[in-house]
Amino acid sequence: MPVARPEPQEPRVIAHVDMDCFYVQVEQRRNPALRGQPTAVVQYNDWKGGGLIAVSYEARSFGVKRSMRGDEAKRVCPGINLVQVPVARGKADLNLYRSAGSEVVAILASKGKCERASIDEVYLDLTDAAKQMLLQSPPDSPEEIFMEAAKSNILGLPSDASEKEKNVRAWLCRPDADYEDKLLACGAIIVAQLRVRVLEETQFTCSAGIAHNKMLAKLVSGMHKPAQQTVVPSSSVQDFLASLPVKKMKQLGGKLGSSLQDDLGVETIGDLLSFTEEKLQEQYGVNTGTWLWKIARGISGEEVEDRLLPKSHGCGKTFPGPKALKNSASVKGWLDQLCEELSERIQSDLNQNKRIAQTLTLHARASKANERDSTKKFPSKSCPLRYGTGKIQEDAMKLFESGLHDFLESQNTGWSITSLSVTASKIFDIPSGTSSILRYIKGPSSAASQAIPDFSSVPEDPSLDNNVYATPIHEEKCEPSTSENEDGERYSDISAKQCPTSEEKRISKKLPEVKGTSSILKFLSRGQSALHEKRKSDGLICSPQGPGSSSEANKAEEHNVAAQRADRSNINSGTEPSASNAWMFNVEDIDPAVVEELPPEIQREIQGWIRPSKQPSTKRRGSTISSYFPPARS
DNA sequence: ACGGTTGCCACT
DNA sequence: TAGTGGCAA
């Protein structure tokens, strides 16, 4: 449900930039012969010619729609070029489009705060840039207004007049305009410049909306497509919303929008104005009610986030109809493929962006053999994410088994899986300031403190995918000791690799800063626990029993966890490209003995996130796996 | 055989 | 929290 935020006092300049039929443009850049041609991008083509996921404007003029299959598109537009999405590991591979999207983001992020909203959309907060322009070089004569900006569409200005461009030029530099309108005019000029840069540097066209908030910018970015931009002056908001069908508003395209129509008789956003905030709250709850009341008035305080990268990575595939998976072997096969791709993607994210994912989630859709219309859903399951393809595959399969168990509720019926996906989420930046925090987790009394990797030595070179970043655990010294580097800082490990030189620390300054101490320690704790466990299992140290240690009840479970931990310390187990990630383990494993040595305020922080470790486990209450896996049928 | 494959968010 | 549900493109 949407939540209303207070609109900031000061007027903002917000843009929403939307790539035009993006996947098609990416393919047209790869194969310029497709330019100007009716073209669509399809994924797979064995069933009815594949599904369209992007359609060029030439093809749209023939009536080709996104919802069509390839065969249907051919019927409507026999000359259409159908380009297939690349396939890797038996599934659609969108990496080409993802990296093209990144090219665009890199350019758009240059003039202000930039938020990647999807693979082909961004929001920009251009308030500062617009203010600066207004101070230094406000638009003052129609002739000097840059060509692309002059092609803007200004909501509320007569747009079909023969004098359109002249009117727009005049609007952009009206000397008697409100301060707000002047800011928007500057925003329009900046966005026009950015769009030209995008075109010059990537060959991609895009459309944009410029307004005082995200909601309005988004609403109009697609109003004049392709390759055009639209401005929303405050003065035109009311008329615009008055006739806007509710379903066009973001968040109202689904059930909430239908309810507004069916239950309240609201057809346009303007119709909402006749309801009090209280009435809307009564109908839809406090948050949604207030949100509706505000959007009816064009109010949306949502801020543009400063984020250029996605918040999660997911890979999935559907297995429609006869393709449904009906035994665990085929599920495992596909899950392995999905996990391979996911592993590759989070590994690149780590290497290129210095980010680590913490949670692995498995989703599936399933039906039971007997019940043709079983309403029950396959539950999603998640667990801490361990790096390494083999580990992810193992854990994903365990999550699947656990989900299947819950799904079947110990009935002995057959099943079929129609979709599978794995997602890596809760992604954090690796802190740049590790060395200063390192000082807190050290000391001869804490044998567990040795495994903290020094991320300032992470190589910058993105081509070094799968390289070793932390000293492999089995190569580390086991005797605690303390040393000083040339800056006089003390480190808990004398391994040369782990004691950053001045040069390494200089490099580390280029890494992203992290806001709170908590996230830094959270991160460091991963490596700390890993080595500690390794030493325990090697009999090198005695484990100090912490306050949170196990009860009899979960002894069996804990044994399982211990076994898995031992496995983590193994170098190059199975399919691993390298065991370099042995240091990345459970946040919740941090050693209480280490915590005791920290300053009280940091201790307090840490206490909050120490919790019982939960590994993916197959809980089989009184039954075995084989009892609910039906015998494989070919 | 549902447009498939992403991705985001709020709520509990 | 992990899990569900909704929305969007």
Side-chain angles (χ1 to χ4, degrees), chain A residues 1-4 16 18-23 40-55 64-73 85 87 91-95 97-98 101 115-121 123 218 221-222 247-259 284-288 291 302 305 307 309-324 338 341-342 345 358-363 365 367 376-384 399 402-403 406 418-427 587-588 608-609 611-614 616:
Chain A
M1 285 302 161
V3 171
H16 179 257
D18 192 355
M19 305 308 291
D20 304 322
C21 54
F22 188 46
Y23 292 10
V41 175
V42 295
Q43 52 191 4
Y44 312 124
N45 65 355
D46 56 336
W47 194 69
K48 298 190 177 178
L52 272 55
I53 57 172
V55 180
V64 178
K65 298 274 174 51
R66 271 257 296 265
S67 59
M68 291 177 174
R69 312 288 316 188
D71 291 351
E72 203 179 349
V85 172
V87 171
K91 65 177 286 298
D93 177 4
L94 303 182
N95 279 326
Y97 313 112
R98 279 191 202 99
E115 173 182 335
R116 177 200 195 271
S118 76
I119 197 165
D120 70 340
E121 283 174 89
Y123 288 97
K218 165 85 179 173
S221 64
K247 289 269 184 178
K248 298 273 185 189
M249 175 73 66
K250 194 180 156 192
Q251 303 293 331
L252 298 186
K255 296 183 180 181
L256 182 54
S258 297
S259 167
Y284 296 109
V286 184
N287 286 341
T288 304
W291 178 78
E302 202 187 334
E305 249 185 90
R307 182 176 54 76
L309 299 170
K311 288 188 167 176
S312 65
H313 302 286
C315 310
K317 181 167 175 62
T318 54
F319 306 94
K323 290 208 166 87
L338 294 172
E341 181 188 323
L342 184 64
R345 284 167 56 194
Q358 294 219 22
T359 303
L360 176 69
T361 306
L362 176 128
H363 291 266
R365 278 170 52 177
S367 58
K376 186 159 171 57
K377 285 185 176 151
F378 193 101
S380 63
K381 296 283 171 186
S382 44
C383 69
L399 292 174
S402 162
D406 293 356
T418 54
S419 94
L420 276 179
S421 76
V422 284
T423 303
S425 61
K426 296 185 190 156
I427 303 180
V587 168
E588 46 283 323
W609 37 263
R611 52 192 157 80
S613 174
K614 191 178 168 194

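All chains are named by letter (A, B, ...) in the order of the sequence lines, taking the proteins before the strands, and each is independently numbered beginning at 1. Remember, predicted model here, so these are calculated numbers, not experimental data.
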Between [X] and [N], is there a side-chain N or O to OP1/OP2 distance below 4.0 Å?
| X | N | answer |
| --- | --- | --- |
| A/T318 | B/dT5 | yes |
| A/K377 | C/dG3 | no |
| A/R365 | B/dA1 | no |

Measure [atom1]/[X] against [atom2]/[N] and give the value in whole Å, please.
| X | N | atom1 | atom2 | answer |
| --- | --- | --- | --- | --- |
| A/R66 | B/dT6 | CZ | P | 14 Å |
| A/Y123 | B/dC9 | OH | P | 11 Å |
| A/D46 | B/dA1 | CG | C1' | 11 Å |
| A/R116 | B/dG7 | CZ | C1' | 8 Å |
| A/K48 | B/dA1 | NZ | P | 12 Å |
| A/H363 | B/dT5 | NE2 | P | 15 Å |

Original post:
Can you tell me if A/Y44 uses its side chain to pair, donor with acceptor, with the backbone of A/A92 under 3.5 Å?
Top reply: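 Looks like yes, one N/O pair under 3.5 Å.
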Per [X] side chain, nearest of listed nucleotides [options]:
| X | options | answer |
| --- | --- | --- |
| A/K317 | C/dG3, C/dA2, B/dT5 | B/dT5 |
| A/K255 | C/dG6, C/dA8, B/dA1 | C/dG6 |
| A/D120 | C/dG3, B/dT6, C/dA9 | C/dA9 |
| A/K218 | C/dT4, C/dA8, B/dT5 | C/dA8 |
| A/K381 | B/dC8, B/dT6, C/dG3 | C/dG3 |
| A/L256 | B/dC9, C/dC7, C/dA8 | C/dC7 |
| A/S382 | B/dC8, C/dA2, B/dT5 | C/dA2 |

Original post:
Which comes earlier along DNA chain B counting from the 5' end, the contact point of A/E305 or that of A/R69, where each point is its nearest nucleotide?
Top reply: A/R69
**OP:** Could you check A/L309 against A/M68 and say which one's nearest nucleotide on DNA chain B is further toward the 5' end?
**Re:**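 Upstream on the strand: A/M68.
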Original post:
Can you tell me how far P in C/dA9 sits from the matching atom in B/dA1, rounded to whole Å?
Top reply: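 To the nearest whole Å, 26 Å.
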Subject >> Distance between P atoms of B/dC9 and C/dT1 (Å, rounded) >> reply: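 These two P atoms come out 16 Å apart once rounded.
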**OP:** Only counting residues at least two apart or in another chain, list the ones meeting ring-ring contact (aromatic ring centres under 6.0 Å, His included) with A/Y97.
**Re:**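 Counting only residues at least two positions away or on another chain, A/Y97 forms a ring-ring contact (aromatic ring centres under 6.0 Å, His included) with A/Y23.
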